[in-house]
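Order of the sequence lines fixes the chain letters, A, B, ..., with proteins taken first and strands second; residue numbering starts at 1 for each chain.
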Amino acid sequence: MLLKSRHYRPLASAASRRLDGRTVAGAYHLLSDTTRSSPLARSLSRIPWAYAARRIFWSIPTMLAIITIAFFMMRAAPGNPYSVDRKLPPEIEANMKASLGLDKPLWQQYTSYVGRVVRFDLGPSMKTRDKTVSELIGEGLPVSLTIGGFAMALAIFIGTGLGVVAAIRQNSAADYSAMSLAMIGISIPTFVTGPLLSLVFGVWLGWFAAGGLDLGRMNFYNLFLPILTLALPQIAIISRLMRASMIEVLKNNFIRTARAKGLSEMRILLRHAAPAAILPVVSYLGPATVGIITGSVVVERVFGLPGVGQSFIDGAITRDYPRVMGTVILYGGLIIIFNLIADILYAVLDPKVRYE
Amino acid sequence: MTLTAATHSEKSALMESAAVKGRSLWEDSRRRLLANKAAMAGFVVLGLLVIIAIFGPFVWPHKFATQYRDALSLPPTWKDLHILGTDIYGRDMVARVMVGLRISLTVGVVATFVSLVIGVAWGAIAGFAGGRIDQLMMRTVDVIYAMPYIFFVILVTVVFGRSIFLIFLAIGAIEWLTMARIVRGQTLMLKQKEFVEAARAAGVRPIGLVVRHILPNLLGPVAVYVTLTIPVVILQESFLSFIGLGVQEPLTSLGRLISEGQRELGHPWMLFVPAVTMVITLFSLNFIGDGLRDALDPKDR
């Protein structure tokens, strides 16, 4: 009876489940000192495909919920595209509504909207003539992806680096200065650091552009300050996560084992401690994406960059419903995808995780 | 006689040890909090800010919407008491910052209260009901969690127009998710406790169990999370105001003032004054939140 129950699990597994993922990951990495397969091949072989498939499946309702809320909010908005100053004859208005499918029942409009969104057709903009929302977003995407991507990379590299240094020099001057810097980075929002950096390094010192994009071309001079502004809070959070995790990991037995093997301190840090300690940072990647997207809206406005965020604000202020809606759907999709990647990456890095 | 004396002294010894040990958890927490210098400094600074925000606009000689045509973009000066200067329309910065602070703090309190009510109710019901209802409710939270919620607030302001009241509600209505998770976890743990069982055995109804026995025990973690939510909410309102979707002129908030200052980099005080106020507010709130967490949840120390 007990054996047949779905919730039954062998004792060994129940015990191992209580282990910290980082401990298992660390012990696992000890094997890599003697085995010869490449890390990439080992990682690939460890992707839990069933888990990944289920995770992808579960992101569908989330995406659908975003589209649904967006759709019904747009419908709840007072007025329609033809409620303009100059009143149209009712017959013509009815015809025009029919051409947009606005005469069909609501659920049919809904299903066709979902169908179009799936094909990346977000409809025409209501305020910018002869442009579809997809085109407007497409125009801003290169700038936004550039600053967002670089900011994310910068945050991960500098954040983990600072965290590791602070952890191995715990309670030293370096640790305290890194952590007070992190506290400042967390407490001061992007819309304060952005203008301040622009004022100091752009206007007063003139090292970088205070704003704008020369001839619309992307370059270091124009983009450094926006990227730095965007990365700062993430650097702060990641370095704090990494420091706390690293301190925990360094206390573990597998580190002692690695030392006993006579490995160099560098190798212990890089091959044994860091990969195990990075797990909390990996699970933070999802929220980091949200932070960077939200931040990009601010940063693009502060520095006057023609990105998706700027277009989103323009849409919001001019009440261009389809544009706002389309951007929200895009942001939602990005966040879901990055959460997905983070979760799968976590499963790859953490050998304990075998989500049944 | 001797026997009673012995028992008596034993009793008093017991009472004494009880008096020593019997410091309540709250008493303990308060001591820890009082010993935390950063948190106490946070309380003092925040108290000053609240007093300034409430009474400042009544006391200060300049009104926040009055334009002094002969004092446009005035740098900080003692003349006419424009000690922090004026903005490009000649409005006194001190008065504007005080009103901005007032709006920001109000948003922080009101929206946090909304999130508190929704989050606690949602989490307590899910945790107490358990089973399918719990699964369904927490799945919903998971789904909403993955959404870019601040953008939904923007969507709301775009669709329904901009009013402060709506912003209060909308921000509160999206910030309850973490609260619901925390409360649910605690409820799950608490409902297994003996005192809940005892109350149940005594015939207390489920609603009574939740309200009288479970909710009071949630106070610690909820208080910590509330203080940590206030700065987040203030930030979100400022974010909305900064991109031009928050409060409308001539009313103002710290985010809006920063946004205006950022456009006038030639007059840096217009940026510095609200930015510094914002940073001080956030720092004091964060220190209080951290202090409360350390005081109420000694596990982490």
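With a 6.0 Å radius and a threshold of 12 heavy atoms from other residues, nucleotides or ligands, B:I133 has its CD1 atom at or below the threshold. Within a 6.0 Å radius of CZ in A:F201, other residues, nucleotides and ligands contribute 12 heavy atoms or fewer.
Under the 4.5 Å side-chain criterion, counting only non-hydrogen atoms from C-beta, A:V297 is in contact with B:F239.
Summarising the geometry of A:R301 relative to B:Q262, their closest heavy-atom pair is O-NE2, 4.3 Å, with the distance given to 0.1 Å.
With rounding to the nearest 0.5 angstrom, the CD atom of A:Q310 is 10.0 Å from the CD1 atom of B:I243. Interatomic distance, CG of B:L235 versus OG1 of A:T294, reported as 11.0 Å (0.5 Å rounding).
Residues of residues 276-284 of chain B lying within less than 4.5 angstrom of chain A, judged on heavy atoms, are B:M278, B:V279, B:L282, B:F283 in numerical order. For residues 192-199 of chain A, a heavy-atom distance under 4.5 Å to chain B picks out A:V192, A:P195, A:L196, A:S198, A:L199, given by residue number.
For A:I184, the parts lying under 4.5 angstrom from a heavy atom of chain B are both the backbone and the side chain. Contact of B:I258 with chain A is made through the side chain alone, with heavy-atom distances under 4.5 Å. Looking at A:M63, neither its backbone nor its side chain comes within 4.5 Å of chain B, counting heavy atoms on both sides.
Screening B:S241, B:S259, B:S238 for a side chain to side chain contact (heavy atoms under 4.5 Å, CB included) involving A:F191 leaves a single residue, B:S238.
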